[in-house]
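Written below as structure tokens is the structure these notes are about.
Note that these values count all heavy atoms, side chains included, but never hydrogens, waters or copies made by symmetry. If you read the sequence from its start, that first residue is 1, and numbering goes on from there.
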Amino acid sequence: MFTKPVLLVIAHGSRDPRHAATVHALVRRVRSLRPDVRVETGFLDFNIPSVQGVLESLAAEGVRDVVALPLLLTRAFHAKADIPAVLRDAPHRLRIRQAEVLGPSPLLMAALERRLYEAGLTPADKSSTGVVLASAGSTDPEAIAVIAEIAREWRHTGWCAVRPAFASAGSPAGFPRTEDAVRELRELGCERVAVAPYVLAPGFLPDRIARGAADADVLADVLGAAPEVARVLLERYDAARVPVLAAVGA
């Protein structure tokens, strides 16, 4: 019997089947960490179930309280516009609170390093390795600033250098692509260059990052179902559910 608000993980969705498979693997890990929390998954596009469909099903079951958690790394258009619009159309009997996006978080930086070490690097390689922090990209100034700040903070943990890069063609002109950042780190004199995709699941833009990493020495995997990512989800859920419970006198 679940007594806490339902956690609804909202993913973007993709035509690439690897995307949904990765989202479901992450949700399974979250469930294993918190068996007392009911966790559901909804997609904005391409995949089923849709967010609207899940919300309608929950309401039909008699569920009252939901924490909607955007499976996003930055607060860009989807978090600010798309998801709130879908939630506004939810059945009125549901009390829904939208949780914060996942990033930034020290746990995500730890997950990035986990992926680099899984790809072959060791902590002893840090001082001689330049890292490309390759994100999907955005036109949102807040999202861009967050990526740049993460790169600056990560540089201070011991890497030779860290450069942000953007995969999306929609990112503002002048922002480096993955291949540009790889080349810059080579010219800077880093002994090796690694690319760390700051993305959650495989798909079109992560594949573009991989192509841009062709001249790098190391390409890490996407964050995916890393345990640190699952822990961030639960942190965001717990932070959001307290006001939900307070609102209903729990």
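In plain terms, the two heavy atoms of A20 and N47 that are nearest each other are CB-ND2, 3.9 Å. Contact detail for A194 and L121: the closest heavy-atom pair is CB-CD1, 3.8 Å. Closest approach of R192 and R186 over heavy atoms only: CA-NH1, 4.2 Å.
Of the possible donor and acceptor atoms, one in the side chain of R115 sits under 3.5 Å from a partner among the backbone N and O of L223. For R38 (side chain) and P5 (main-chain N/O), no donor-acceptor pair under 3.5 Å exists by modelled atom type. When atom types are taken as modelled, the side chain of D89 and the backbone of V86 share no donor-acceptor pair closer than 3.5 angstrom. Side chain of R97 to backbone of R241: no donor-acceptor contact under 3.5 angstrom is found.
When side chains are defined from C-beta on, E113 counts as touching T157, because their heavy atoms get closer than 4.5 Å. Looking at heavy atoms from C-beta onward, E235 lies in side-chain contact with L107 at the 4.5 angstrom threshold.
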Check against side chain to side chain donor-acceptor pair (under 3.5 Å), W154 and E149 | CA-CA 9 Å; W154 207 13; E149 180 60 26; over 6 Å; no
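R34 and D238 are joined by a salt bridge, as a carboxylate oxygen and a charged side-chain nitrogen come within less than 4.0 angstrom of each other. Note on K4 versus D36: salt bridge recorded, some NZ/NE/NH1/NH2 to OD/OE distance being below 4.0 Å.
Atom CZ of R15 sits in a sparse spot, with 12 or fewer heavy atoms from other residues, nucleotides or ligands closer than 6.0 Å. Shown here is L33, whose CG atom has more than 12 heavy atoms of other residues, nucleotides or ligands within 6.0 Å.
For an aromatic pair to be called close, the ring centres must be under 6.0 Å apart, and F204 with H12 fails this.
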